[in-house]
Student: 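One structure is given below, represented as C-alpha cells, and several questions about it will come after.
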Amino acid sequence: MASTSLVSLLLPCVLSLLLLRLSTHLNPDPTAAVPRFKRTPPLPLRFRHDGAFKILQVADMHFGNGAATRCRDVAPEVGGARCSDLNTTRFLRRVIEAERPDLIAFTGDNIFGGSASDAAESLLKAISPAIEYKVPWAAILGNHDQESTMTREELMVFMSLMDYSVSQVNPPGLLIHGFGNYHVGIHGPFGSEYVNTSLLNLYFLDSGDREVANGIKTYGWIKESQLAWLRATSQDLQQNSHAPAFAFFHIPIPEVRGLWYTGFKGQYQEGVACSTVNSGVLGTLTSMGDVKAVFLGHDHLNDFCGDLNGIWFCYGGGFGYHAYGRPHWPRRARVIHTELKKGQKSWVEVESIHTWKLLDDEKLTKIDEQVLWRRSSV
C-alpha cells in the first residue's frame with residue numbers, strides 16, 4: 001500500500017522531467033522565440049466617458065527601411081542628409097502624445113514597396129508607435145504597399161494579426177473583391193443606454209492599386225461586390241440605429257476633381273490621381289444615407305475637404321517623410337473628433353463631427369478646423 005502511494009506521488013514528477021527533456025531536445029536553443037498571443041484592445045471600441053471619440057488619420061507614410069531610408073522633398077532645416085524614416089516615426093509619436101487618439105486609421109501606402117527590403121519588418125517599424133502607446137488601429141492598403149515581399153492578401157493578414165490591430169482581411173463567408181473591406185463599430189460609453197449599440201460606424205475599403213481598363217493603365221477602383229457588401233452592411237446597421245458613419249479608402253473617386261470648382265477647405269495643390277473608371281461609389285454612399293465623411297490618401301499635396309452630395313471628402317495630407325512632398329510645406333496628420341449629445345441621464349446619439357490637421361513643426365500647429373456634421377442642423 002505504501003509503495004503504491006509512493007508511485008502515485010512520483011509519477012507526475014517523472015512525467016514532468018520527461019516532457020522537459022523532450023522540449024529541450026526538440027528546441028535546444030533557450031533563446032529561441034516562443035509563440036505568444038496577439039495583444040488586443042478592449043473590444044468593442046467605444047466612446048470615452050466624456051462622450052468623445054477621436055480618430056487620427058495617417059495617410060501615406062511610405063515607410064522604407066528606417067534610418068537607412070532618406071527623406072524626399074524636405075527643406076534643409078528639416079535635417080537634410082540626416083532626415084529619414086525616423087522622422088516619420090518621431091512625428092507619429094508626437095501626434096499620439098498630443099492628441100491621445102482612441103483609434104488610428106492608416107489609410108494606405110503605409111510602406112513604400114520599392115524601398116522596403118522586407119515588407120513585414122517595414123510594417124512593424126511603421127506601425128510601432130501605435131503598438132508602443134497601445135492605441136487601437138485599423139489599416140487599409142494603398143497602391144504601393146504590395147511592391148515589396150508580400151502580396152496584398154498577405155499584408156492584410158499580417159496587419160490583422162499585429163498587436164492592438166482591429167484590421168480585418170474581409171468579412172467572413174463572403175466573396176468580395178480585394179483585401180481589407182471591413183466594418184468597425186464604435187459603441188456607447190460604459191454607463192450609457194447605448195453600451196451595446198454602435199453609435200458610429202466605420203467602413204474600410206480596398207481601392208486597389210494599378211489596373212488596365214479598356215486597354216489603358218489606370219489606378220484601381222472600388223468594385224461592385226464591395227459596394228454590394230457596403231449597402232447591405234449599412235442597411236443592417238440602420239435597422240438598429242441611425243448612427244452616422246465614415247468611410248476610409250486610399251484612392252479618390254473621379255468626382256473629387258470637381259471640388260476645384262465648387263469650393264473646399266484646405267490646400268488643393270495637385271491633380272486628383274484617380275481611376276478612369278467611375279464605379280458608382282458616390283451614388284452608393286449617397287443612397288445609403290449614413291456616411292457623413294470619407295477620408296482619403298494618395299495625393300500627398302492635397303489636404304482639403306470638400307462637399308459632394310452632402311458627404312465631405314477629406315484628404316489626410318502627406319504624413320511620411322519618404323513620400324513625395326514639397327519643401328517648406330510641413331508633413332501633416334488629420335484628426336477626426338466625434339462628440340455625443342448629453343441626455344437626461346447619460347450620453348446618447350452623436351451630436352457633432354469636427355476635423356482639423358496638425359503640422360509637423362515646432363508647435364504641432366493646428367490648422368483648418370471645421371465642422372463636418374452637426375445633428376441639430378439636419
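Here the structure is a predicted model, which is why all the values come from computation and not from measurement.
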Student: Between Leu358 and Glu99, does the side-chain contact (heavy atoms from CB on, under 4.5 Å) criterion hold? Intermediate values first, please.
Tutor: CA-CA 10 Å; Leu358 294 180; Glu99 292 289 346; 3.3 Å; yes
Student: Step by step, would you call Ile140 with Leu205 a side-chain contact (heavy atoms from CB on, under 4.5 Å)?
Tutor: CA-CA 7 Å; Ile140 49 177; Leu205 293 159; over 6 Å; no
Student: Quick test of your reading of the model: are Glu339 and Arg374 salt-bridged, counting only N-O distances below 4.0 Å?
Tutor: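 Salt bridge flag = no for Arg374 with Glu339.
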Student: Go through it in stages, so that I can follow the logic: the residues are Gln269 and Asp303, the test is side chain to side chain donor-acceptor pair (under 3.5 Å), and I'd like the CA-CA distance, side-chain angles, deciding distance and then a yes or no.
Tutor: CA-CA 9 Å; Gln269 300 184 119; Asp303 70 351; over 6 Å; no
Student: Treat each ILVMFWY residue as a node, draw an edge where side-chain heavy atoms are under 4.5 Å apart, and state whether Phe158 and Leu141 are in one component.
Tutor: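 Phe158 and Leu141: one cluster.
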Student: Using 30° and 60° as the class limits, which term best fits the ring planes of Phe204 and Tyr182: parallel, tilted or perpendicular?
Tutor: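 Taking Tyr182 first and then Phe204, their aromatic rings lie parallel (interplane angle under 30°).
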Student: Quick one about Arg231 and Ser287 (side-chain donor to acceptor, distance below 3.5 Å, no hydrogens or angles considered), yes or no?
Tutor: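 Ser287 vs Arg231: no donor-acceptor pair found between side chains.
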Student: Decide yes or no for Ile104 and Ile96: does some side-chain heavy atom of the first lie under 4.5 Å from some side-chain heavy atom of the second?
Tutor: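 Of all side-chain heavy-atom pairs linking Ile96 with Ile104, at least one is under 4.5 Å.
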Student: His298 pairs by side-chain hydrogen bond (donor to acceptor under 3.5 Å, both in side chains) with which of Asp60, Asp109, Asn143?
Tutor: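 Answer after filtering Asp60, Asp109, Asn143: Asn143.
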Student: Report the residues that fulfil salt bridge (charged side-chain N to carboxylate O under 4.0 Å, His left out) with Arg48, sequence neighbours left out, ordered by chain and then residue number.
Tutor: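 Salt bridge (charged side-chain N to carboxylate O under 4.0 Å, His left out) list for Arg48, sorted by chain: Asp50, Asp102.
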Student: Is the shortest side-chain heavy-atom distance between Gln146 and Thr151 below 4.5 Å?
Tutor: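 Contact flag for Gln146/Thr151 side chains = no.
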Student: So do the side chains of Phe313 and Leu285 get within less than 4.5 Å of each other, counting heavy atoms only?
Tutor: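 Touching, per the 4.5 Å side-chain cut-off.
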Student: How would you list, by chain and number, every residue that makes a disulfide bond (SG atoms under 2.5 Å apart) with Cys274, sequence neighbours excluded?
Tutor: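 Listed in chain order: nothing, the list is empty.
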Student: Phe319 pairs by ring-ring contact (aromatic ring centres under 6.0 Å, His included) with which of Phe106, Phe63, Phe91?
Tutor: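 Checked Phe106, Phe63, Phe91 against Phe319; only one passes ring-ring contact (aromatic ring centres under 6.0 Å, His included): Phe91.
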Student: Answer whether the closest heavy-atom distance between the side chains of Gln267 and Leu301 falls below 4.5 Å.
Tutor: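 No; the side chains remain at least 4.5 Å from each other.
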Student: Is the NZ or CZ atom of Lys341 positioned over Trp347's six-membered ring, under 6.0 angstrom from the centre and within 45° of the axis?
Tutor: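 That pair does not qualify as a cation-pi contact.
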Student: Decide whether Tyr133 and Glu97 meet the rule of one side-chain donor and one side-chain acceptor closer than 3.5 Å.
Tutor: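 Indeed, the side chains of Tyr133 and Glu97 share at least one donor-acceptor pair under 3.5 Å.
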Student: Distance alone, cut at 3.5 Å: any donor-acceptor contact between the side chains of Tyr321 and Arg72?
Tutor: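 Looking only at side-chain atoms, Arg72 and Tyr321 do not form any donor-acceptor pair under 3.5 Å.
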Student: Taking the side chain as everything from C-beta on, heavy atoms only, tell me whether Asn170 gets closer than 4.5 Å to Asp206.
Tutor: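 A side-chain contact is absent here, since even the closest heavy-atom pair is not under 4.5 Å.
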Student: Between Asn181 and Ile176, which heavy-atom pair has the shortest distance, and what is it?
Tutor: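 That would be ND2-CG2, 3.7 Å.
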Student: Side chains of His354 and His337: donor-acceptor distance under 3.5 Å anywhere?
Tutor: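 Judged by distance alone, the side chains do not pair up.
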Student: Taking all non-hydrogen atoms of both residues into account, name the closest pair between Glu154 and Met150 and its distance.
Tutor: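 Closest approach of Glu154 to Met150, heavy atoms only: OE1-CA, 3.3 Å.
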Student: Only pairs at least two apart or in different chains count here, so list each salt bridge (charged side-chain N to carboxylate O under 4.0 Å, His left out) that has a residue in residues 235-245.
Tutor: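 Counting only pairs at least two positions apart or across chains, no salt bridge (charged side-chain N to carboxylate O under 4.0 Å, His left out) contact touches residues 235-245.
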Student: Can we say Lys223 and Glu211 salt-bridge, meaning some charged N sits less than 4.0 Å from an Asp/Glu carboxylate O?
Tutor: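 Yes, charged N to carboxylate O under 4.0 Å.
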Student: Would you find a donor on one side and an acceptor on the other, under 3.5 Å apart, between the side chain of Arg152 and the backbone of Gly142?
Tutor: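 Yes, because the side chain of Arg152 sits within donor-acceptor range (under 3.5 Å) of the backbone of Gly142.
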Student: Any donor-acceptor pair under 3.5 Å linking the side chain of Thr218 with the backbone of Val212?
Tutor: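 No; judged by distance alone, with no hydrogens or angles, the pair does not exist.
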Student: So Ile55 and Phe246, do their side chains get closer than 4.5 Å, heavy atoms only?
Tutor: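 Contact flag for Phe246/Ile55 side chains = yes.
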